[in-house]
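Read the numbers this way: they start at 1 and go in the same order the structure lists the ligands and their atoms.
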Amino acid sequence: MKARRKQTAPPPPEAGEARIAALLAEKRLFKASAAFRRQANCRDPNVYARSARRPLEFWAAWARELEWARPWKKVLEWKPPQAKWFVGGKLNASVNCLDRHVRAGSRRRTKAALLWEGEPGDRRTYTYWDLYREVNQFANVLKRLGIRKGDRVAIYLPLIPEAAISMLACARLGAIHSVVFGGFSAEALKDRINDARAKLLITADGGYRRGSVLPLKQYADEALAACPSIENVVVVKRGGQEFPVHIREGRDHWWHRLLQDAPAWCPPEAMDSEDALYILYTSGTTGKPKGIVHTTGGYLVGCLATTRWVFDLKEDDVFWCTADIGWVTGHSYTVYGPLAAGTTTVMYEGAPDWPARDRFWDICERLGVTVFYTAPTAIRAFMKWGAEHIQKHDLSRLRLIGTVGEPINPEVWVWYHETVGGGRCPVVDTWWQTETGHILITPLPGLTALKPGSATFPFPGIAAEVVDAHGKPVAVGGGYLVLTRPWPGMLRGIWGNPERYRAAYWSRFPGLYFTGDGAKKDKDGYFWLLGRVDDVLNVAGHRIGTAEVESALVDHKAVAEAAVVGVPHEVKGEAIAAFVTLKDGTGHYDELVEELKEHVVKKIGALARPERIIFSADLPKTRSGKIMRRLLRDIATGRALGDVTTLADPSVLDTLKGRYAEDAE
Ligand code: PRX
C-alpha cells in the first residue's frame, strides 16, 4: 500500500541571508520540477523557433481561441508606427470574458469568476453567471444615462467588484473606460477626466486603506468643479462610512438604486478589432501624463495568450494578481486576461499589513490561491517584515509565483522562491509596460531555466533586442531595450496626441519601439532589465515623471525652481529627492519641507510624496541653462561626480553636497 500523502506541506524553510548567499553562489539555474513541467500549458521548446518563423500564424492561433462576431481578414497591417491587428474582425470584450462562459453547456456558469475581499474582512463571491448579470444590468444603466459607443467613462473606485463590473459594462457598450487609480488626488483626476473629455464618472463614497476611509466622492466633487464634460456621476455605496456624502440632484446617482430596475440583458456592441477598449494614463518625461490607448482584438489576444502560458492557468486555479485596478496590471491580469481565460480571479481592497502583516498570506490560505503575482516592492517589504508572517500559514496550494513592475534583486528573488514559494514554485519575473498591454519578456514556467533577477526571454511571437546608442543590436552586453516588431497588445497611440506617440516611442531609434528601459543580454541570451534610462522614476512599482513632481513643486508660491531625481530605496526601489530653489533666497525652512511634500500629494497623490527636499540657492546648470540632473543624482547617491566641465558655475556643487549631507544627519 502506498504511504498516505501528508495533507499539508511543511512550512517553507526560512531563507536566511546565508542560505540566499549560498544559493546565489551556486549560480545554478532554477528549474521547475518534472511534475510541473509535465503538466505545464506550454511545454514544447520548439514554440520559440516556430513563432519566430511565423509570428502572425502564432498570434492568429491564439486569436482563434476568442469568440469573434465577424472573422478578421488580415492578421496585421503595419504602417510604422501604426499597427492594426486582426483587421476587419469584430468582437466584444465582455462577451469574451463572460457570455461564452455562461452559455448552455459551459461548465463555468456556476464557477467563481471573482473572489473579493474588502479590507475590513467583508467578502463577496461572483460566479460567472453573477458577474454576467451585473455587467449586463450596469451596461443598461450606463445606456440609460446616455452612454454610447466611443464615449469616455472615467472610473475612480477602490478595489471593489464594481470596478471590474464598470470596466466590462463599458466594454459591452463599446464605451472607452479610463480608470484613474483611487490613490490619485482630485487634481490628477480632474486632468485625466478633462484630457479624455469623459461624459460620466463612476466613483464610490469611499474606500478602505489601512483602517481608515479615503473619501473618494469628496475628491471627485473637488475635481468635478472643473470638469465640464461630466454629465452624470454614479456613486457606489461602499457602506458604513461616517462622513457625509454629498449627492447633487440630477447629476449624482447611487449605483444600487439605478441597478434595481435595470433590465437583465444588454445586447453587446460588435466592436471593430481596432476600436478603442480603454485609455489608461501613465507618466512620461513631461509634466503631462499620457493617455495610452488600447484597442480590443489584439489586446485581448495578447492578454489571453500570456495569461495561459505565463501563469499556466488551469480550470481549478485561483489566481491572485495583487495590483490595483488603477494600473495596467489590474486591467490585464485581474480583469481581461483571467476572465477571458475563464479563471477564478481574486481581488483584495486593502493594504498588505492590515490588520496585520500576514494579511496576504491569510488571504492566500483562506481562498486557496494557487498562482500569485505581485511587485518586487511588496516582496521587499515582506522580506523586511520577516518570514514568520508567512510561515504561520499553509501556502501549500501555491504552485507558481510571479513578479512585475521593477527589477527584482537576485537576493529578493531567491527569498521569494524559498520563503513564499516553498522552494517548489517557479518564479515568473515578467517585464512589460502600460504601453505594451501585456507581458512581453518572461519565463515560460514549464520550459525556462530561471536565473534570479532575469526576466529571461521574449514571449513567443515577441521580438525584443538590446541595442547600442546607434540602434545596433548588442549580442552580449548592455544597452537600450527595444521591440523590433509590432505585437498584438501594443498601444495604438496617445489619446489626442499622435505627435507625442511618434516622438516618445518611435523617434529615438527609427523603426524600433523604444521602451525607455536599459537592459543587458548575457552570453546565454537572457535579458536583464536595468531600470529606466529617461526621466521617469519607478517608486514602489509606480511610474512617476520627474517633470510631474517638479511642476507640482513649482506650483507652490514659495518655489522658484525644482529638480527631482530618484535615489535608491530599500523597499520602494526608488524614492524621490527634490532639490528646490526658493523665490526669496537661500534659507532652509524646516516648516516648508512638510508643506511642499503635502503640496505634491495634493497635486498628484500620496504615491508622489518626496522622501527628501533639499533647499539650495542655485541648481547645477549647463551654460545654456539646462539643469544637470545627472549631477544631482550623483550627489543624492553619494557617488563621485561625473563630468562637470559643461557646468556654468561649478561652485554650486560644493554647496549642494554640503546641504545634502547636512540634511541626511
Ligand atoms: O522600467 C520598467 C518597469 O516598469 C516600467 C513600466 O511601468 P508601468 O507602465 O507602470 O507598468 C508596470 C507594470 C507592467 C518598465 O518600463 N518594469 C516593469 N516590469 C519589470 C520592470 N523592470 C524590471 N523588471 C520587470 N519585470
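- To the nearest 0.5 Å, the span separating CZ on R543 from CG on N538 amounts to 8.5 Å.
- Ion pairing of K603 with E187 is present here, as a side-chain N (NZ or NE/NH1/NH2) and a carboxylate O approach within less than 4.0 Å.
- D634 meets the side chain to side chain donor-acceptor pair (under 3.5 Å) test with R639; sequence neighbours excluded.
- Within the structure, every pair that satisfies the side chain to side chain donor-acceptor pair (under 3.5 Å) test and touches residues 404-414, not counting sequence neighbours, is listed here: R380-E406, R380-N409.
- Counting heavy atoms of neighbouring residues, nucleotides and ligands inside a 6.0 Å radius, atom CD of E570 does not exceed 12 of them.
- For a heavy-atom separation below 4.0 Å, the residues in contact with ligand 1 are V328, T329, V404, G405, E406, P407, D429, T430, W431, W432, Q433, T434, D517, L529, R532, N538, R543.
- Applying the salt bridge (charged side-chain N to carboxylate O under 4.0 Å, His left out) criterion to D429, with sequence neighbours excluded, gives no partner residue.
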